[in-house]
Amino acid sequence: MTRTTRRGHRRSGSLRDMDPDVRVRSISDRTGLEALTALFMRVWRAGQPQVPLPVLRALSHTGGMVLGAYAAGQLVGGAVGLCGADPARRGLHSHIVAVDSAARRTGVGTAIKLAQRDWCLTRGITTMTWTFDPLIRRNATFNIARLQAVGVAYHPDFYGPMDDGYNAGVPTDRVLVRWDLTAGSTPAGGAPRAFAAGPDRTAERMPHERLHVLDIGEDGRPRRLAPLPHPPAAAPPRGPAPSTETEVRLRVPGTLHRDRELLGVWRPALRDAMSPLLDAGYRWTGVTRDGWYVLNPCAATPHKEYA
């Protein structure tokens, strides 16, 4: 679960282009944990803590990931992560990340992700996962295009009903992303790669077997452009990669959470398009400058440049 403010990172330059005064450290004292709990509730506009204080206390006491980001001595962001017990899936799951609105355009979100990466690598952990709402396009751009994490699974209504200011009244669909912390291209590697912009509309396959499936209609509602390359009924759950090399693109509006009625229409539309693809072995590997989500068969190279 990820939530950053609209200006949680800079829009240009290196991913290390951030306020040098931002410091991220582990939190273990009760006062700091209470402040972190309050920050999570404030950012998410929640009536109940997303992670109760006793749970934060237990996590920090047992060496778990409980991080706070500080600027000018003030807590402006934080993160909580959980380590799995399966030796075959050695990794950390980042459960929640938040950046206070007072820290906009200071690079706090990026600083937290880099600190999470360092925390993991210091402990021999080479993979990090987290979930985010695929209908929040700015978060998709940050996670997929900038950090170069890969979307691997779609989970309908993952958390069930929630009553915070962002999730109340809508299904909590989430995409699970996996971030290889040892990959050659890391957040420290410079400016994010970007995919070439896609056309505004098309119902036919483009060169290099590119298929545009879902777009934004003139009324702002979903407009289906083409059927999926694999019928949902024929998609094997979490099965092998499809034999086709078709690249699939989907596009959603950039400010959906400002219109709850429209959000309710887009939720099932994106679910119906994206979930079968990820189930069939596609991976979400890019976001174009004009908002197209790029999905490729699992065998394709993640974050490859496309014309």
Side-chain angles (χ1 to χ4, degrees), residues 2 6 9 11-12 131-154 173-178 185 191-230 232 241-242 244-259 262-263 265-307:
T2 303
R6 186 173 181 81
H9 58 81
R11 295 182 179 272
S12 62
T131 64
F132 76 98
D133 186 344
L135 287 178
I136 303 181
R137 204 168 76 186
R138 65 181 181 274
N139 284 357
T141 299
F142 181 67
N143 292 327
I144 304 293
R146 293 180 68 85
L147 294 180
Q148 299 189 17
V150 175
V152 298
Y154 192 104
D173 289 26
R174 297 293 184 266
V175 165
L176 178 73
V177 297
R178 181 173 292 118
S185 180
R193 298 182 186 178
F195 284 80
D200 290 338
R201 45 187 282 185
T202 180
E204 301 179 5
R205 294 189 181 190
M206 302 296 292
H208 309 297
E209 297 298 316
R210 181 183 302 168
L211 181 67
H212 292 74
V213 169
L214 184 68
D215 198 4
I216 308 163
E218 293 182 0
D219 58 357
R221 292 173 176 268
R223 182 165 67 99
R224 196 63 174 259
L225 302 178
L228 297 176
H230 288 269
T244 178
E245 293 300 319
T246 304
E247 172 194 304
V248 178
R249 295 193 177 197
L250 319 166
R251 182 159 64 171
V252 304
T255 55
L256 268 177
H257 279 259
R258 298 177 185 177
D259 187 328
L262 200 57
L263 178 61
V265 175
W266 271 96
R267 179 67 82 204
L270 184 62
R271 179 192 297 173
D272 290 346
M274 183 177 281
S275 182
L277 290 167
L278 294 178
D279 283 349
Y282 273 78
R283 294 296 176 257
W284 184 1
T285 59
V287 180
T288 71
R289 293 184 182 90
D290 57 349
W292 289 96
Y293 294 171
V294 180
L295 285 80
N296 279 288
C298 189
T301 303
H303 305 288
K304 177 181 176 183
E305 293 287 353
Y306 287 82

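Both backbone and side-chain heavy atoms feed into the values below; hydrogens, waters and symmetry mates do not.
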**OP:** May I ask you to decide if Val252's main-chain N or O and Arg137's side chain share a donor-acceptor pair within less than 3.5 Å?
**Re:** yes
Original post:
side chain to side chain contact (heavy atoms under 4.5 Å, CB included) between Val150 and Val177: does it pass, once the steps are laid out?
Top reply: CA-CA 5 Å; Val150 175; Val177 297; over 6 Å; no
Original post:
What is the distance from atom CG of Leu277 to atom CG of Leu211, rounded to the nearest 0.5 Å?
Top reply: 9.0 Å
Subject >> Tyr293 side-chain N/O to Pro134 backbone N/O, donor-acceptor pair under 3.5 Å >> reply: yes
Original post:
In Å, rounded to the nearest 0.5 Å, how long is the span from CG of Leu135 to CG of Asp173?
Top reply: 7.5 Å
Subject >> Side-chain donor-acceptor pair present, Asn296, Tyr282, cut-off under 3.5 Å >> reply: no
Original post:
Where do Trp292 and Asp290 come nearest, in terms of heavy atoms and distance?
Top reply: CD1-OD1, 3.3 Å
Original post:
Taking C-beta and beyond as the side chain, do Val294 and Val287 meet within less than 4.5 Å on heavy atoms?
Top reply: no
Original post:
Taking side chain as C-beta onward, heavy atoms only, is Ile144 less than 4.5 Å from Thr285?
Top reply: no
Subject >> Ion pair Asp272/Arg224, N-O distance below 4.0 Å >> reply: no
**OP:** Could you pull out the closest heavy-atom pair between Leu278 and Tyr154, with the gap in Å?
**Re:** CD1-N, 3.7 Å
**OP:** Begin from the C-alpha positions of Arg251 and Leu214 and carry the test side chain to side chain contact (heavy atoms under 4.5 Å, CB included) through to its verdict.
**Re:** CA-CA 6 Å; Arg251 182 159 64 171; Leu214 184 68; over 6 Å; no
**OP:** To the nearest 0.5 angstrom, please state how far the CG atom of Asp219 sits from the CG atom of Leu262.
**Re:** 8.0 Å
Original post:
If only atom types and distance count, is the side chain of Trp284 paired as donor or acceptor with the main-chain N or O of Gly286 below 3.5 Å?
Top reply: yes
**OP:** Give a yes or no on this: more than 12 heavy atoms of other residues, nucleotides or ligands lie within 6.0 Å of atom CZ of Arg271.
**Re:** yes
Original post:
Closest approach of Leu250 and Ala273, non-hydrogen atoms and distance?
Top reply: CD2-CB, 4.0 Å
Original post:
How long is the gap from NE2 on His212 to CD on Glu247, to the nearest 0.5 Å?
Top reply: 7.5 Å
Subject >> Check against salt bridge (charged side-chain N to carboxylate O under 4.0 Å, His left out), Asp215 and Arg249 >> reply: CA-CA 9 Å; Asp215 198 4; Arg249 295 193 177 197; over 6 Å; no
Subject >> Carboxylate-amine/guanidinium proximity below 4.0 Å for Arg267 and Asp133 >> reply: yes
Subject >> Side-chain (Trp266) to main-chain (Gly220) donor-acceptor, under 3.5 angstrom >> reply: yes
**OP:** Would you indicate whether the side-chain heavy atoms of Pro222 and Ile216 approach each other to under 4.5 Å?
**Re:** no
